[in-house]
> 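Have a look at this one.
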Amino acid sequence: MIARVLPPVVMLILGLAAWEIAVRAAHVPVYILPGPVVIAQTLVRDWSTLYPSLVVTVLITLAALTAATVLGVAIAVLFAQSKWIELSFFPYAVILQVTPIVAIAPLIIIWVKDTATALLICAWIVSFFPILSNTTLGLNSTDHNLLNLLQLYGASRRQVFWYLRLPSALPYFLGGLRISGGLALIGAVVAEFVAGSGGIQSGLAYRILESGYQLNIPRMFAALFMITATGVLIFVVLTLVGHLALRRWHESAVKREG
Amino acid sequence: MADAAAALVALRGVDKVYSNGVVALKGLDLAVREGEFLSLLGPSGCGKSTVLRLIAGLGDLSAGTIEWSSRRGEIGFVFQDPTLMPWATVFDNIYLPLRVRRIPKREAAARIDRAMAQVGLAGFGGAYPRELSGGMRMRVSIARALVAEPKILLMDEPFAALDEITRFKLNDDLLALWASQRWTVVFVTHSVFESVYLSTRILVMSARPGRVSAEVPIDVPAPREPAFRTSHAYAEECRNVSAKLGAAMQA
(Lines give C-alpha, C1' and ligand atoms only; values in the text may rest on other atoms or scores of the structure.)
Protein backbone atom coordinates (compact mmCIF):
# COMPACT_ATOMS: atom_id res chain seq x y z
CA MET A 1 0.00 0.00 0.00
CA ILE A 2 2.75 2.42 1.05
CA ALA A 3 4.67 1.53 -2.10
CA ARG A 4 1.66 2.53 -4.17
CA VAL A 5 0.96 5.81 -2.38
CA LEU A 6 4.45 7.08 -1.64
CA PRO A 7 5.88 7.70 -5.13
CA PRO A 8 2.97 9.84 -6.41
CA VAL A 9 2.84 11.83 -3.16
CA VAL A 10 6.58 12.52 -3.19
CA MET A 11 6.38 13.47 -6.87
CA LEU A 12 3.47 15.83 -6.16
CA ILE A 13 5.34 17.57 -3.32
CA LEU A 14 8.45 17.94 -5.47
CA GLY A 15 6.41 19.37 -8.32
CA LEU A 16 4.63 21.90 -6.12
CA ALA A 17 7.93 22.93 -4.53
CA ALA A 18 9.52 23.45 -7.94
CA TRP A 19 6.54 25.54 -8.99
CA GLU A 20 6.76 27.70 -5.85
CA ILE A 21 10.52 28.17 -6.18
CA ALA A 22 10.28 29.03 -9.89
CA VAL A 23 7.56 31.61 -9.30
CA ARG A 24 9.50 33.29 -6.50
CA ALA A 25 12.88 33.15 -8.21
CA ALA A 26 11.53 34.69 -11.42
CA HIS A 27 9.38 37.22 -9.55
CA VAL A 28 6.30 36.23 -11.54
CA PRO A 29 3.43 38.51 -10.43
CA VAL A 30 0.40 36.71 -8.94
CA TYR A 31 -1.89 38.05 -11.67
CA ILE A 32 0.13 36.03 -14.20
CA LEU A 33 0.89 32.85 -12.28
CA PRO A 34 0.41 32.51 -8.52
CA GLY A 35 2.44 29.93 -6.58
CA PRO A 36 0.80 27.05 -4.74
CA VAL A 37 1.19 28.79 -1.36
CA VAL A 38 -0.78 31.83 -2.50
CA ILE A 39 -3.43 29.59 -4.06
CA ALA A 40 -3.77 27.62 -0.82
CA GLN A 41 -4.08 30.86 1.18
CA THR A 42 -6.76 32.08 -1.25
CA LEU A 43 -8.60 28.80 -0.95
CA VAL A 44 -8.78 29.22 2.84
CA ARG A 45 -9.58 32.96 2.76
CA ASP A 46 -12.31 32.70 0.07
CA TRP A 47 -13.72 29.42 1.36
CA SER A 48 -17.01 31.09 2.29
CA THR A 49 -17.68 32.07 -1.35
CA LEU A 50 -15.99 29.09 -3.03
CA TYR A 51 -17.58 26.33 -0.95
CA PRO A 52 -21.23 27.17 -1.83
CA SER A 53 -20.19 27.29 -5.49
CA LEU A 54 -18.57 23.87 -5.16
CA VAL A 55 -21.80 22.49 -3.69
CA VAL A 56 -23.81 23.87 -6.64
CA THR A 57 -21.48 22.34 -9.23
CA VAL A 58 -21.22 19.01 -7.41
CA LEU A 59 -25.01 18.75 -7.04
CA ILE A 60 -25.55 19.35 -10.76
CA THR A 61 -22.81 16.84 -11.57
CA LEU A 62 -24.26 14.14 -9.33
CA ALA A 63 -27.82 14.74 -10.56
CA ALA A 64 -26.61 14.51 -14.16
CA LEU A 65 -24.63 11.35 -13.44
CA THR A 66 -27.64 9.76 -11.74
CA ALA A 67 -29.87 10.66 -14.67
CA ALA A 68 -27.23 9.38 -17.09
CA THR A 69 -27.02 6.07 -15.21
CA VAL A 70 -30.77 5.53 -14.96
CA LEU A 71 -31.60 6.63 -18.52
CA GLY A 72 -28.44 5.14 -20.05
CA VAL A 73 -29.15 1.70 -18.57
CA ALA A 74 -32.88 1.96 -19.32
CA ILE A 75 -32.29 2.85 -22.97
CA ALA A 76 -29.61 0.14 -23.27
CA VAL A 77 -32.11 -2.41 -21.92
CA LEU A 78 -34.64 -1.18 -24.47
CA PHE A 79 -32.05 -1.52 -27.25
CA ALA A 80 -31.27 -5.04 -26.07
CA GLN A 81 -34.90 -6.09 -26.56
CA SER A 82 -34.75 -5.76 -30.32
CA LYS A 83 -32.12 -5.17 -32.96
CA TRP A 84 -34.63 -2.93 -34.79
CA ILE A 85 -35.04 -0.56 -31.87
CA GLU A 86 -31.27 -0.37 -31.49
CA LEU A 87 -30.68 0.28 -35.20
CA SER A 88 -33.44 2.91 -35.32
CA PHE A 89 -32.47 4.92 -32.28
CA PHE A 90 -28.75 4.43 -31.72
CA PRO A 91 -27.84 7.04 -34.40
CA TYR A 92 -29.59 9.73 -32.36
CA ALA A 93 -27.55 8.83 -29.32
CA VAL A 94 -24.44 9.16 -31.47
CA ILE A 95 -25.61 12.54 -32.81
CA LEU A 96 -26.12 13.79 -29.25
CA GLN A 97 -22.67 12.51 -28.35
CA VAL A 98 -20.76 14.07 -31.26
CA THR A 99 -22.46 17.47 -31.18
CA PRO A 100 -20.18 19.78 -29.16
CA ILE A 101 -21.97 20.71 -25.96
CA VAL A 102 -20.68 24.32 -26.10
CA ALA A 103 -22.52 24.69 -29.40
CA ILE A 104 -25.91 23.56 -28.17
CA ALA A 105 -25.75 24.73 -24.56
CA PRO A 106 -26.91 28.28 -25.46
CA LEU A 107 -29.99 26.81 -27.17
CA ILE A 108 -30.80 24.64 -24.21
CA ILE A 109 -30.37 27.58 -21.86
CA ILE A 110 -32.79 29.62 -24.00
CA TRP A 111 -35.35 26.81 -24.29
CA VAL A 112 -35.34 25.71 -20.67
CA LYS A 113 -36.50 28.43 -18.29
CA ASP A 114 -34.93 27.10 -15.14
CA THR A 115 -31.16 27.53 -15.45
CA ALA A 116 -30.31 24.71 -13.05
CA THR A 117 -32.41 22.32 -15.16
CA ALA A 118 -30.71 23.58 -18.34
CA LEU A 119 -27.28 22.94 -16.81
CA LEU A 120 -28.44 19.49 -15.71
CA ILE A 121 -29.59 18.65 -19.25
CA CYS A 122 -26.24 19.78 -20.71
CA ALA A 123 -24.26 17.70 -18.23
CA TRP A 124 -26.53 14.73 -18.87
CA ILE A 125 -26.10 14.91 -22.67
CA VAL A 126 -22.33 14.80 -22.26
CA SER A 127 -22.29 11.98 -19.73
CA PHE A 128 -24.94 9.48 -20.75
CA PHE A 129 -23.38 8.11 -23.95
CA PRO A 130 -20.56 6.03 -22.43
CA ILE A 131 -23.04 4.31 -20.11
CA LEU A 132 -25.51 3.69 -22.94
CA SER A 133 -22.89 2.48 -25.38
CA ASN A 134 -21.02 0.26 -22.91
CA THR A 135 -24.14 -1.26 -21.36
CA THR A 136 -25.56 -2.01 -24.82
CA LEU A 137 -22.31 -3.75 -25.74
CA GLY A 138 -22.34 -5.66 -22.44
CA LEU A 139 -25.93 -6.84 -22.83
CA ASN A 140 -25.05 -8.22 -26.26
CA SER A 141 -21.86 -9.94 -25.09
CA THR A 142 -23.38 -12.89 -23.24
CA ASP A 143 -21.67 -16.24 -23.80
CA HIS A 144 -23.60 -17.94 -26.63
CA ASN A 145 -23.30 -21.38 -25.08
CA LEU A 146 -24.83 -20.09 -21.86
CA LEU A 147 -27.69 -18.69 -23.94
CA ASN A 148 -28.04 -22.10 -25.62
CA LEU A 149 -28.07 -23.76 -22.23
CA LEU A 150 -30.88 -21.55 -20.98
CA GLN A 151 -32.82 -22.15 -24.18
CA LEU A 152 -32.38 -25.89 -23.59
CA TYR A 153 -33.80 -25.53 -20.09
CA GLY A 154 -36.74 -23.59 -21.48
CA ALA A 155 -35.94 -20.26 -19.83
CA SER A 156 -38.15 -17.26 -20.57
CA ARG A 157 -36.78 -14.07 -22.11
CA ARG A 158 -37.07 -12.41 -18.75
CA GLN A 159 -35.04 -15.14 -17.07
CA VAL A 160 -32.35 -14.95 -19.75
CA PHE A 161 -32.19 -11.22 -19.18
CA TRP A 162 -31.95 -11.35 -15.38
CA TYR A 163 -29.80 -14.46 -15.02
CA LEU A 164 -27.37 -13.93 -17.90
CA ARG A 165 -27.47 -10.71 -19.84
CA LEU A 166 -27.59 -8.26 -16.96
CA PRO A 167 -24.70 -9.83 -14.98
CA SER A 168 -22.63 -10.12 -18.19
CA ALA A 169 -23.14 -6.41 -18.79
CA LEU A 170 -22.01 -5.35 -15.31
CA PRO A 171 -18.25 -4.92 -16.03
CA TYR A 172 -19.04 -2.99 -19.22
CA PHE A 173 -21.53 -0.76 -17.41
CA LEU A 174 -19.03 -0.01 -14.64
CA GLY A 175 -16.39 0.92 -17.23
CA GLY A 176 -18.86 3.32 -18.84
CA LEU A 177 -19.84 4.76 -15.47
CA ARG A 178 -16.23 5.62 -14.71
CA ILE A 179 -15.94 7.62 -17.93
CA SER A 180 -19.32 9.26 -17.43
CA GLY A 181 -18.42 10.46 -13.92
CA GLY A 182 -15.70 12.73 -15.26
CA LEU A 183 -17.79 13.79 -18.25
CA ALA A 184 -20.73 14.82 -16.05
CA LEU A 185 -18.45 17.24 -14.20
CA ILE A 186 -17.02 18.61 -17.46
CA GLY A 187 -20.54 18.97 -18.86
CA ALA A 188 -21.73 20.85 -15.79
CA VAL A 189 -18.74 23.23 -15.85
CA VAL A 190 -18.96 23.87 -19.60
CA ALA A 191 -22.68 24.61 -19.34
CA GLU A 192 -22.04 27.01 -16.47
CA PHE A 193 -19.44 28.81 -18.58
CA VAL A 194 -21.91 29.18 -21.43
CA ALA A 195 -24.66 30.35 -19.10
CA GLY A 196 -22.07 32.81 -17.77
CA SER A 197 -23.40 36.05 -16.36
CA GLY A 198 -26.91 35.13 -17.51
CA GLY A 199 -26.80 32.03 -15.35
CA ILE A 200 -27.47 31.35 -11.73
CA GLN A 201 -24.10 32.96 -10.94
CA SER A 202 -23.14 30.49 -8.30
CA GLY A 203 -21.26 27.49 -9.69
CA LEU A 204 -17.48 27.08 -9.70
CA ALA A 205 -17.28 27.93 -13.40
CA TYR A 206 -18.96 31.22 -12.69
CA ARG A 207 -16.40 31.89 -9.93
CA ILE A 208 -13.63 31.31 -12.48
CA LEU A 209 -15.24 33.72 -14.97
CA GLU A 210 -15.82 36.29 -12.24
CA SER A 211 -12.25 36.00 -10.96
CA GLY A 212 -11.00 36.41 -14.52
CA TYR A 213 -12.89 39.67 -14.95
CA GLN A 214 -11.50 40.92 -11.65
CA LEU A 215 -7.99 39.70 -12.47
CA ASN A 216 -8.15 37.71 -9.23
CA ILE A 217 -5.97 34.94 -10.65
CA PRO A 218 -5.21 33.15 -7.34
CA ARG A 219 -8.94 32.63 -6.78
CA MET A 220 -9.30 31.41 -10.33
CA PHE A 221 -6.66 28.80 -9.58
CA ALA A 222 -8.32 27.92 -6.28
CA ALA A 223 -11.65 27.29 -8.07
CA LEU A 224 -9.85 25.31 -10.77
CA PHE A 225 -8.17 23.20 -8.09
CA MET A 226 -11.57 22.45 -6.53
CA ILE A 227 -12.99 21.29 -9.88
CA THR A 228 -10.00 19.04 -10.51
CA ALA A 229 -10.07 17.61 -6.99
CA THR A 230 -13.79 16.87 -7.40
CA GLY A 231 -13.16 15.10 -10.69
CA VAL A 232 -10.40 12.98 -9.18
CA LEU A 233 -12.61 12.13 -6.19
CA ILE A 234 -15.48 11.04 -8.47
CA PHE A 235 -13.07 8.84 -10.41
CA VAL A 236 -11.64 7.26 -7.26
CA VAL A 237 -15.10 6.56 -5.79
CA LEU A 238 -16.40 5.02 -9.02
CA THR A 239 -13.25 2.93 -9.39
CA LEU A 240 -13.73 1.67 -5.85
CA VAL A 241 -17.38 0.83 -6.54
CA GLY A 242 -16.33 -1.11 -9.63
CA HIS A 243 -13.64 -2.94 -7.74
CA LEU A 244 -15.99 -3.97 -4.94
CA ALA A 245 -18.61 -5.19 -7.42
CA LEU A 246 -16.16 -7.28 -9.48
CA ARG A 247 -13.46 -8.32 -7.04
CA ARG A 248 -14.55 -11.95 -6.76
CA TRP A 249 -14.88 -12.83 -10.43
CA HIS A 250 -13.75 -10.34 -13.05
CA GLU A 251 -10.18 -10.39 -14.32
CA SER A 252 -9.96 -6.60 -14.09
CA ALA A 253 -10.47 -6.62 -10.32
CA VAL A 254 -8.90 -9.88 -9.21
CA LYS A 255 -5.36 -9.72 -7.93
CA ARG A 256 -2.98 -11.45 -10.28
CA GLU A 257 -0.96 -14.18 -8.64
CA GLY A 258 2.73 -14.01 -9.40
CA MET B 1 -28.96 -49.88 -38.45
CA ALA B 2 -30.02 -49.55 -34.83
CA ASP B 3 -32.82 -51.49 -33.25
CA ALA B 4 -35.59 -48.95 -33.67
CA ALA B 5 -37.83 -50.52 -31.05
CA ALA B 6 -35.41 -49.76 -28.23
CA ALA B 7 -34.53 -46.30 -29.52
CA LEU B 8 -34.90 -43.42 -27.08
CA VAL B 9 -34.47 -40.91 -29.86
CA ALA B 10 -34.12 -41.50 -33.58
CA LEU B 11 -32.93 -39.17 -36.32
CA ARG B 12 -34.22 -40.09 -39.76
CA GLY B 13 -32.97 -38.62 -43.03
CA VAL B 14 -31.71 -35.53 -41.28
CA ASP B 15 -30.13 -32.76 -43.36
CA LYS B 16 -28.62 -29.68 -41.84
CA VAL B 17 -27.51 -26.82 -44.05
CA TYR B 18 -26.19 -23.73 -42.31
CA SER B 19 -27.12 -20.26 -43.54
CA ASN B 20 -23.63 -19.84 -45.04
CA GLY B 21 -24.32 -22.81 -47.33
CA VAL B 22 -22.22 -25.39 -45.47
CA VAL B 23 -23.87 -28.81 -45.60
CA ALA B 24 -23.18 -30.14 -42.11
CA LEU B 25 -25.32 -33.28 -42.34
CA LYS B 26 -26.80 -35.12 -45.29
CA GLY B 27 -29.36 -37.92 -44.96
CA LEU B 28 -28.27 -38.85 -41.47
CA ASP B 29 -29.94 -41.87 -39.83
CA LEU B 30 -29.07 -42.46 -36.22
CA ALA B 31 -30.81 -44.02 -33.25
CA VAL B 32 -29.85 -43.65 -29.61
CA ARG B 33 -30.87 -46.63 -27.48
CA GLU B 34 -32.11 -46.26 -23.98
CA GLY B 35 -29.35 -46.65 -21.40
CA GLU B 36 -26.42 -46.95 -23.81
CA PHE B 37 -23.19 -44.99 -23.85
CA LEU B 38 -22.97 -43.93 -27.47
CA SER B 39 -19.94 -42.15 -28.88
CA LEU B 40 -19.92 -40.15 -32.08
CA LEU B 41 -16.37 -40.33 -33.40
CA GLY B 42 -15.07 -38.46 -36.37
CA PRO B 43 -12.74 -35.82 -37.78
CA SER B 44 -13.53 -32.18 -37.18
CA GLY B 45 -16.17 -30.86 -39.53
CA CYS B 46 -18.09 -34.15 -39.71
CA GLY B 47 -21.11 -32.63 -38.02
CA LYS B 48 -20.94 -34.60 -34.78
CA SER B 49 -21.49 -31.49 -32.65
CA THR B 50 -24.36 -30.52 -34.94
CA VAL B 51 -26.03 -33.87 -34.21
CA LEU B 52 -25.88 -33.15 -30.48
CA ARG B 53 -27.30 -29.67 -30.90
CA LEU B 54 -30.17 -30.99 -33.00
CA ILE B 55 -30.99 -33.70 -30.45
CA ALA B 56 -30.98 -30.97 -27.80
CA GLY B 57 -33.44 -28.95 -29.85
CA LEU B 58 -30.98 -26.13 -30.50
CA GLY B 59 -31.33 -25.21 -34.15
CA ASP B 60 -33.70 -26.29 -36.91
CA LEU B 61 -33.53 -29.28 -39.23
CA SER B 62 -33.22 -28.57 -42.94
CA ALA B 63 -34.89 -31.93 -43.68
CA GLY B 64 -35.83 -35.15 -41.89
CA THR B 65 -37.28 -35.87 -38.48
CA ILE B 66 -36.23 -36.41 -34.89
CA GLU B 67 -38.50 -38.78 -32.97
CA TRP B 68 -38.49 -39.41 -29.27
CA SER B 69 -39.78 -42.78 -28.11
CA SER B 70 -41.89 -41.24 -25.38
CA ARG B 71 -42.17 -37.75 -24.01
CA ARG B 72 -38.93 -35.87 -24.62
CA GLY B 73 -37.16 -36.40 -21.34
CA GLU B 74 -34.96 -34.06 -19.41
CA ILE B 75 -31.77 -33.29 -21.37
CA GLY B 76 -28.40 -32.51 -19.86
CA PHE B 77 -25.80 -30.79 -22.06
CA VAL B 78 -22.08 -30.49 -21.41
CA PHE B 79 -20.12 -28.26 -23.78
CA GLN B 80 -16.46 -28.44 -24.72
CA ASP B 81 -15.90 -25.33 -22.59
CA PRO B 82 -17.22 -25.50 -19.05
CA THR B 83 -19.48 -22.53 -19.97
CA LEU B 84 -19.91 -21.33 -16.41
CA MET B 85 -21.19 -17.97 -15.25
CA PRO B 86 -18.02 -16.26 -13.96
CA TRP B 87 -19.99 -14.00 -11.63
CA ALA B 88 -21.66 -16.89 -9.80
CA THR B 89 -20.29 -19.38 -7.29
CA VAL B 90 -20.05 -23.08 -8.02
CA PHE B 91 -23.27 -23.60 -6.05
CA ASP B 92 -25.16 -20.94 -7.98
CA ASN B 93 -23.85 -22.22 -11.30
CA ILE B 94 -25.18 -25.70 -10.55
CA TYR B 95 -28.43 -24.14 -9.30
CA LEU B 96 -29.08 -22.53 -12.71
CA PRO B 97 -31.23 -25.29 -14.33
CA LEU B 98 -33.36 -25.50 -11.17
CA ARG B 99 -33.55 -21.73 -10.88
CA VAL B 100 -34.94 -21.56 -14.41
CA ARG B 101 -37.68 -23.95 -13.20
CA ARG B 102 -38.37 -21.57 -10.29
CA ILE B 103 -37.41 -24.11 -7.65
CA PRO B 104 -36.55 -22.15 -4.50
CA LYS B 105 -32.91 -22.29 -3.53
CA ARG B 106 -33.64 -23.88 -0.17
CA GLU B 107 -35.48 -26.79 -1.80
CA ALA B 108 -32.81 -27.14 -4.45
CA ALA B 109 -29.92 -27.16 -1.96
CA ALA B 110 -30.07 -30.89 -1.24
CA ARG B 111 -30.07 -31.77 -4.93
CA ILE B 112 -27.22 -29.37 -5.63
CA ASP B 113 -25.19 -30.85 -2.78
CA ARG B 114 -25.84 -34.34 -4.12
CA ALA B 115 -24.77 -33.33 -7.64
CA MET B 116 -21.60 -31.74 -6.24
CA ALA B 117 -20.83 -34.89 -4.24
CA GLN B 118 -21.36 -37.08 -7.32
CA VAL B 119 -18.68 -35.26 -9.30
CA GLY B 120 -16.30 -34.83 -6.37
CA LEU B 121 -16.93 -31.16 -5.72
CA ALA B 122 -18.14 -31.41 -2.13
CA GLY B 123 -16.99 -28.35 -0.21
CA PHE B 124 -16.41 -26.19 -3.27
CA GLY B 125 -19.86 -24.61 -3.36
CA GLY B 126 -18.61 -21.16 -2.39
CA ALA B 127 -15.74 -21.01 -4.88
CA TYR B 128 -15.86 -18.95 -8.05
CA PRO B 129 -15.09 -20.59 -11.41
CA ARG B 130 -11.91 -18.61 -11.91
CA GLU B 131 -10.52 -20.04 -8.68
CA LEU B 132 -10.78 -23.59 -10.02
CA SER B 133 -8.59 -25.66 -12.34
CA GLY B 134 -9.82 -26.66 -15.80
CA GLY B 135 -10.75 -30.15 -14.61
CA MET B 136 -12.69 -28.82 -11.64
CA ARG B 137 -14.57 -26.38 -13.86
CA MET B 138 -15.56 -29.26 -16.10
CA ARG B 139 -16.82 -31.10 -13.01
CA VAL B 140 -19.01 -28.10 -12.21
CA SER B 141 -20.34 -28.20 -15.75
CA ILE B 142 -21.17 -31.90 -15.40
CA ALA B 143 -22.80 -31.36 -12.00
CA ARG B 144 -24.95 -28.64 -13.55
CA ALA B 145 -26.08 -31.10 -16.23
CA LEU B 146 -26.79 -33.80 -13.61
CA VAL B 147 -28.69 -31.65 -11.13
CA ALA B 148 -31.76 -31.55 -13.37
CA GLU B 149 -31.75 -35.40 -13.32
CA PRO B 150 -31.51 -35.85 -17.09
CA LYS B 151 -32.77 -38.86 -18.95
CA ILE B 152 -30.16 -38.31 -21.60
CA LEU B 153 -26.78 -36.62 -21.24
CA LEU B 154 -25.29 -34.97 -24.32
CA MET B 155 -21.55 -34.31 -24.10
CA ASP B 156 -19.71 -32.32 -26.76
CA GLU B 157 -15.99 -33.16 -26.50
CA PRO B 158 -16.15 -32.31 -22.81
CA PHE B 159 -12.60 -33.36 -21.95
CA ALA B 160 -10.81 -32.34 -25.15
CA ALA B 161 -9.14 -29.32 -23.58
CA LEU B 162 -7.92 -31.15 -20.47
CA ASP B 163 -4.57 -32.76 -19.80
CA GLU B 164 -4.35 -36.54 -20.07
CA ILE B 165 -4.17 -37.27 -16.34
CA THR B 166 -7.25 -35.17 -15.63
CA ARG B 167 -9.04 -36.64 -18.62
CA PHE B 168 -8.44 -40.24 -17.49
CA LYS B 169 -9.68 -39.39 -14.02
CA LEU B 170 -12.82 -37.73 -15.38
CA ASN B 171 -13.37 -40.66 -17.78
CA ASP B 172 -13.32 -43.09 -14.85
CA ASP B 173 -15.60 -40.90 -12.75
CA LEU B 174 -18.02 -40.50 -15.63
CA LEU B 175 -18.13 -44.27 -16.23
CA ALA B 176 -18.77 -44.92 -12.54
CA LEU B 177 -21.59 -42.38 -12.53
CA TRP B 178 -23.09 -43.81 -15.69
CA ALA B 179 -22.93 -47.33 -14.20
CA SER B 180 -24.82 -46.21 -11.10
CA GLN B 181 -27.31 -43.78 -12.66
CA ARG B 182 -27.90 -45.42 -16.03
CA TRP B 183 -28.87 -42.38 -17.98
CA THR B 184 -28.29 -42.51 -21.71
CA VAL B 185 -25.12 -40.76 -22.87
CA VAL B 186 -24.30 -39.40 -26.30
CA PHE B 187 -20.63 -38.48 -26.25
CA VAL B 188 -18.91 -36.58 -29.03
CA THR B 189 -15.16 -37.07 -29.30
CA HIS B 190 -12.32 -37.13 -31.78
CA SER B 191 -10.30 -39.54 -29.65
CA VAL B 192 -10.41 -43.21 -30.63
CA PHE B 193 -8.98 -44.23 -27.26
CA GLU B 194 -11.49 -42.27 -25.26
CA SER B 195 -14.44 -43.54 -27.27
CA VAL B 196 -13.38 -47.20 -26.96
CA TYR B 197 -12.78 -46.86 -23.22
CA LEU B 198 -16.15 -45.26 -22.50
CA SER B 199 -18.69 -46.51 -25.00
CA THR B 200 -21.00 -49.42 -25.41
CA ARG B 201 -21.33 -48.42 -29.07
CA ILE B 202 -19.39 -46.12 -31.40
CA LEU B 203 -20.69 -44.47 -34.53
CA VAL B 204 -17.85 -43.43 -36.83
CA MET B 205 -18.76 -40.37 -38.87
CA SER B 206 -17.24 -38.98 -42.04
CA ALA B 207 -17.16 -35.41 -43.20
CA ARG B 208 -18.47 -33.31 -46.08
CA PRO B 209 -21.28 -33.99 -45.82
CA GLY B 210 -21.54 -35.43 -42.33
CA ARG B 211 -22.95 -38.96 -42.19
CA VAL B 212 -22.51 -42.21 -40.26
CA SER B 213 -19.99 -44.44 -42.02
CA ALA B 214 -19.54 -47.29 -39.53
CA GLU B 215 -20.98 -48.74 -36.35
CA VAL B 216 -18.81 -50.51 -33.78
CA PRO B 217 -20.31 -52.13 -30.69
CA ILE B 218 -17.81 -52.44 -27.84
CA ASP B 219 -18.84 -55.64 -26.10
CA VAL B 220 -16.81 -55.27 -22.94
CA PRO B 221 -19.12 -55.41 -19.96
CA ALA B 222 -19.11 -52.85 -17.17
CA PRO B 223 -17.49 -52.16 -14.82
CA ARG B 224 -14.49 -51.19 -16.90
CA GLU B 225 -11.59 -50.76 -14.58
CA PRO B 226 -8.59 -48.58 -15.45
CA ALA B 227 -6.79 -51.87 -16.17
CA PHE B 228 -8.95 -52.11 -19.29
CA ARG B 229 -6.82 -49.33 -20.77
CA THR B 230 -3.81 -51.61 -20.97
CA SER B 231 -5.64 -54.82 -21.84
CA HIS B 232 -5.27 -56.73 -25.08
CA ALA B 233 -9.01 -56.40 -25.80
CA TYR B 234 -8.74 -52.62 -25.55
CA ALA B 235 -5.83 -52.48 -27.97
CA GLU B 236 -7.72 -54.73 -30.36
CA GLU B 237 -10.82 -52.54 -30.29
CA CYS B 238 -8.75 -49.38 -30.73
CA ARG B 239 -7.03 -50.85 -33.79
CA ASN B 240 -10.41 -51.82 -35.25
CA VAL B 241 -11.98 -48.41 -34.61
CA SER B 242 -8.89 -46.59 -35.90
CA ALA B 243 -9.12 -48.55 -39.16
CA LYS B 244 -12.81 -47.62 -39.49
CA LEU B 245 -11.99 -44.00 -38.79
CA GLY B 246 -9.20 -44.07 -41.34
CA ALA B 247 -11.61 -45.49 -43.91
CA ALA B 248 -14.17 -42.83 -43.03
CA MET B 249 -11.62 -40.10 -43.61
CA GLN B 250 -10.67 -41.56 -47.02
CA ALA B 251 -14.30 -41.77 -48.10
Side-chain angles (χ1 to χ4, degrees), chain A residues 73 76-77 80 83 134-178 239-258, chain B residues 49-50 52-60 72-103 105 126-133 137 140-142 144-145 147-158:
Chain A
V73 171
V77 168
K83 204 75 203 161
N134 270 25
T135 310
T136 304
L137 178 66
L139 288 172
N140 291 328
S141 301
T142 315
D143 185 325
H144 283 192
N145 274 337
L146 275 172
L147 292 174
N148 285 337
L149 198 69
L150 253 71
Q151 189 193 337
L152 181 70
Y153 290 129
S156 65
R157 274 176 71 95
R158 187 179 298 222
Q159 285 180 319
V160 171
F161 180 77
W162 284 106
Y163 300 172
L164 289 187
R165 301 184 75 179
L166 213 54
S168 311
L170 185 64
Y172 294 84
F173 160 73
L174 290 167
L177 183 65
R178 217 153 61 161
T239 304
L240 200 66
V241 168
H243 181 78
L244 290 177
L246 303 179
R247 76 201 141 118
R248 287 305 298 271
W249 64 274
H250 201 257
E251 299 298 338
S252 67
V254 174
K255 189 166 179 278
R256 190 158 163 241
E257 299 283 343
Chain B
S49 297
T50 305
L52 273 202
R53 292 175 52 85
L54 292 178
I55 294 175
L58 302 168
D60 305 316
R72 195 190 101 157
E74 191 71 48
I75 295 177
F77 206 114
V78 179
F79 298 94
Q80 180 171 356
D81 296 319
T83 318
L84 304 176
M85 303 180 291
W87 58 84
T89 60
V90 166
F91 186 93
D92 285 337
N93 265 291
I94 299 172
Y95 176 45
L96 184 68
L98 304 180
R99 192 179 176 203
V100 168
R101 295 209 164 73
R102 301 198 163 79
I103 297 171
K105 211 175 199 172
Y128 281 79
R130 68 172 313 288
E131 297 164 354
L132 303 176
S133 66
R137 282 181 213 173
V140 179
S141 190
I142 294 170
R144 181 179 59 193
V147 78
E149 285 158 15
K151 200 169 170 164
I152 180 165
L153 188 58
L154 308 174
M155 307 184 88
D156 188 2
E157 300 189 32

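Each chain gets a letter, A, B and so on, in the order the sequences are listed, and its residues count up from 1.
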> Under a 4.5 Å heavy-atom cut-off, does chain A meet the side chain of Phe77(B), its backbone, both or neither?
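Both parts, backbone and side chain.
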> With chain B as the partner, which of His250(A), Gln151(A), Arg248(A) has the greatest number of non-hydrogen pairs under 4.5 Å?
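Result: the option with the highest number of such pairs is Arg248(A).
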> For chain A, which of Gly59(B), Pro97(B), Ala148(B) has the most heavy-atom pairs under 4.5 Å?
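That would be Pro97(B).
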> Tell me, for Arg144(B) versus chain A, whether the close heavy atoms (under 4.5 Å) come from the side chain, the backbone, both or neither.
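For Arg144(B), the contact with chain A is made by backbone and side chain together.
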> So, taking the atom named CZ in Arg101(B) and the one named OH in Tyr153(A), what distance separates them when rounded to the nearest 0.5 Å?
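Between atom CZ of Arg101(B) and atom OH of Tyr153(A) there are 7.5 Å.
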> Minimum heavy-atom separation for Gln159(A) and Val100(B), please, with both atom names.
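Heavy atoms of Gln159(A) and Val100(B) come nearest at NE2-O, 2.8 Å.
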> I need the Leu154(B) CG to Leu152(A) CG distance, nearest 0.5 Å.
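If I round to the nearest 0.5 Å, the distance is 7.5 Å.
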> If you round to the nearest 0.5 Å, how far is CG of Leu58(B) from CG of Leu147(A)?
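CG of Leu58(B) is found 11.0 Å from CG of Leu147(A).
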> I'd like to verify something: which residue of Pro167(A), Ser156(A), Gly154(A) has the highest number of heavy-atom pairs under 4.5 Å with chain B?
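Going by pairs under 4.5 Å, I would pick Pro167(A).
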> Considering all heavy atoms of both residues, which atom of Trp87(B) and which atom of Tyr163(A) are nearest to each other, and what is their separation?
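Minimum heavy-atom separation between Trp87(B) and Tyr163(A): CZ2-O, 3.3 Å.
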> So what's closer than 4.5 Å to chain B heavy atoms on Leu164(A): side chain, backbone, both or neither?
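Contact with chain B: backbone and side chain both.
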> Could you state the interatomic distance from CG (Leu84(B)) to CG (Asn145(A)), rounded to the nearest 0.5 Å?
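The CG atom of Asn145(A) is 11.0 Å from CG of Leu84(B), to the nearest 0.5 Å.
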> Below 4.5 Å, heavy-atom pairs only: which of Asp143(A), Asn148(A), Thr142(A) has the largest tally toward chain B?
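Option with the greatest count: Asn148(A).
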